[in-house]
Amino acid sequence: MMLPVPADYVLARDLCSYGYFLLEPNLWDPASCVYTTTLDLGGVAVTLRVTQGARGSTRAAREGDREHAAGGALTVKADRPLDAAQRRLVRAQLSRILRLDESVRTIEAFHRADPRFAASGRGRLMRSASLFEDVLKTVTSCNVTWPSTVGMNRKLCAVFGRRSASGGRAFPTAARLAAARPATLRARCSVGYRDARIVELARIFNAAAKGRRAGFDPAAAEDGTLTDDALFDALIELPGIGPYAAANILQLLGRYSRLPLDTESIRHGRTVLGYKGSAAQVMKKVRRHYEPFGEHRFRSYWFELWEYYESKRGASWTWERETTGKTFTASKLD
DNA sequence: GGTAGACCTGGACGC
DNA sequence: GCGTCCAGGTCTACC
């Protein structure tokens, strides 16, 4: 099937814009510029192969040539025949992952606030097929080094993910993890002390999907009716979600006003921004540094960080999941 | 309201 | 091959 995209959309640039593109079930192949993922459509899993036309080439993206890089509609090939309802689900989930809801106008608004990224056209941040997956990917990235995050997501898919016709594994649904035993998660997915928190999160999302009140409303979190502050307060009540994780989930929901600051931010403050002092002092200065970008401050922060990674490891679309993709953050950079 | 210590895993390192 | 140390955000108990 064909999937229409905003006029400025570049698959290589806009998919390889956030670390989750390196986590299963996602796979970006730098050699062929093919994005492969497996989605759970409820009862059946499908592995998809997503490509963009020649105009959306990595070469044009690499050279920051926006006019020629914008490559038109995506071609999506599934590993099994899909009925109309399944095709709608595929479109919805892919649109969420690729941020196709971010129009040219919203990206231009970011570039007006921070013109440094107008030439490259950066503005969209890749995310997951569902809010539940985004929450779990955030939880599995807390208090661990990146290779452990990669491992946990691989094992979660392998153990609990539905299998597609071609052997791909989707990310596990809330229903599947809600029924899991914490001890199994710990033993087979190496999630450590996150085991009970993950099951609890799954039960909350699963209950909400079945229309039961669960203290957190994923639909309200997605529909844009809550203020950023109200959404943050709701997220931080979830098990395993602290200030960093809540702020990160906010950006995954398209709210860029808060900064998920962590040890990586302190490194960035010292190494790139040249700040000195204790960790708390550097953190405060980093926060102040991004104040002028207002409601866009996360994107300014993130793409600054991302450019630093690319200066060390090459353009992100050239990273392979099993090699460069495991070494691109924090202490691994030097 | 602020802070110390426990929670786990995997990688690096020394022997 | 084994033991030790370290990185990493959240949670709880305590002051």
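Order of the sequence lines fixes the chain letters, A, B, ..., with proteins taken first and strands second; residue numbering starts at 1 for each chain.
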How many Å lie between [atom1] on [X] and [atom2] on [N], as a whole number?
{"X": "Ile198(A)", "N": "dG9(C)", "atom1": "CD1", "atom2": "C1'", "result": "14 Å"}
{"X": "Ile236(A)", "N": "dG9(C)", "atom1": "CD1", "atom2": "P", "result": "14 Å"}
{"X": "Asn153(A)", "N": "dT9(B)", "atom1": "CG", "atom2": "P", "result": "16 Å"}
{"X": "His268(A)", "N": "dG8(C)", "atom1": "NE2", "atom2": "C1'", "result": "19 Å"}
{"X": "Tyr193(A)", "N": "dC11(C)", "atom1": "OH", "atom2": "C1'", "result": "9 Å"}
{"X": "Tyr244(A)", "N": "dT10(C)", "atom1": "OH", "atom2": "C1'", "result": "13 Å"}
{"X": "Leu136(A)", "N": "dG9(C)", "atom1": "CG", "atom2": "P", "result": "18 Å"}
{"X": "Leu238(A)", "N": "dG9(C)", "atom1": "CG", "atom2": "P", "result": "19 Å"}

Worksheet entry | Charged tip of Arg127(A) within 45° of Tyr20(A) ring normal and under 6.0 Å |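 Cation-pi check for Arg127(A) and Tyr20(A): fails.
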
Within less than 4.0 Å of OP1 or OP2 of [N], is there a side-chain N or O belonging to [X]?
{"X": "Ser148(A)", "N": "dG8(C)", "answer": "no"}
{"X": "Arg194(A)", "N": "dC8(B)", "answer": "no"}
{"X": "Thr263(A)", "N": "dG8(C)", "answer": "yes"}
{"X": "Lys155(A)", "N": "dT9(B)", "answer": "no"}

Among the candidates [options], find the nucleotide nearest to the side-chain atoms of [X].
{"X": "Asn143(A)", "options": "dG9(C), dT9(B), dA7(C)", "result": "dG9(C)"}
{"X": "Arg186(A)", "options": "dC8(B), dT10(C), dG10(B)", "result": "dC8(B)"}
{"X": "Cys142(A)", "options": "dG9(C), dA7(C), dT9(B)", "result": "dG9(C)"}

Hey, what do you get for CD (Glu304(A)) to NE2 (His268(A)), rounding to the nearest 0.5 Å?
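That separation rounds to 4.0 Å.
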
- Item | Ring geometry between Tyr290(A) and Tyr301(A) (parallel below 30°, tilted from 30 to 60°, perpendicular above 60°) |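 The arrangement is perpendicular - the two ring planes meet at more than 60°.
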
Discussion item. Would you say Asn153(A) and Thr140(A) are linked by a side-chain donor-acceptor pair, where the criterion is simply a distance under 3.5 Å?
Written reply: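 On atom types as modelled, these side chains qualify, holding a pair under 3.5 Å.
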
Notebook entry, point to check: Any side-chain donor-acceptor pair under 3.5 Å between Ser257(A) and Glu295(A)?
Noted result: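 The criterion, which ignores hydrogens and geometry beyond distance, is not satisfied for Glu295(A) and Ser257(A).
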
